[in-house]
Amino acid sequence: WSNWKAKDIATLMFIIKDGKILLIRKKRGLGAGKINGPGGKLDPGETPEQCAVREVQEELLVTPENISYHGISLFQFTDGYSIHVYIFSATDFKGTPTETDEAIPLWFELDRIPYQEMWEDDGIWLPLVLKGQRFHGKYIFDGDSMVDHELVNLGPL
Ligand code: 6OG
């Protein structure tokens, strides 16, 4: 992984408020059909946090507030594709989560997160987001299947 460089850089944002987490059913792009956090690829000149906010605005028409940075997840697919994802959470937001061309908003109780409808890696690191931890993870995927992973917990935010 030392000379590894991702093809794409992207973000994920998890809004967690009143004991619930705001997820999306993704309508297009990588992982279409799955449940995930809102997020997407970095635009030129944008910081990861700016991208994370913009993507939630575009996908759900809400603006996350009181944002924390949790760390990165690196994904290598066996077909050669790779993506570096910066992960954020927020404890508040402005606006009303609204369906768009890209996503359907879904709220879940924190003990009912639908891991079976999410990317396989989420079950490994999303619990650390909920616990307010920082972390770095690396994951190898063959299509939709995770074939290897390494996760380092870096402690509290
Ligand atoms: P767009 O195609 O929407 O950007 N993403 C992943 N998220 C999780 N939880 N696990 C993965 O494991 C992922 N691979 C990609 C990052 C892609 C979006 O999909 C996320 C971005 O938010 C393989 O522009």
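Along the sequence shown, residues are numbered consecutively beginning with 1. When a ligand or atom number is given, it counts from 1 through the structure's own listing order.
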**Message:** Going by ring pair (Phe, Tyr, Trp, His ring centres under 6.0 Å), name the residues that satisfy it together with Tyr115, two or more places apart in sequence or in a different chain.
**Reply:** none
**Prompt:** Taking only residues two or more places apart in sequence or in another chain, which ones pass ring pair (Phe, Tyr, Trp, His ring centres under 6.0 Å) with His70?
**Reply:** none
**Request:** Could you check whether the rings of Phe77 and Trp119 sit parallel, tilted or perpendicular, using 30° and 60° as the cut-offs?
**Result:** perpendicular
**Request:** With sequence neighbours excluded, tell me which residues meet side chain to side chain donor-acceptor pair (under 3.5 Å) with Glu65.
**Result:** Lys94
**Request:** Taking atom types as modelled, find out whether Glu59 and Thr100 have a side-chain donor-acceptor pair closer than 3.5 angstrom.
**Result:** no
**Request:** Write out the protein residues near ligand 1, meaning a non-hydrogen atom under 4.0 Å from one of its atoms, in order of chain and number.
**Result:** Ala10, Thr11, Leu12, Lys26, Gly29, Leu30, Asn36, Gly39, Gly40, Lys41, Phe75, Phe77, Val85, Trp119, Asp121, Asp122, Trp125, Phe141
**Single-linkage hydrophobic cluster Leu22~Ile104, side-chain heavy atoms < 4.5 angstrom** = no
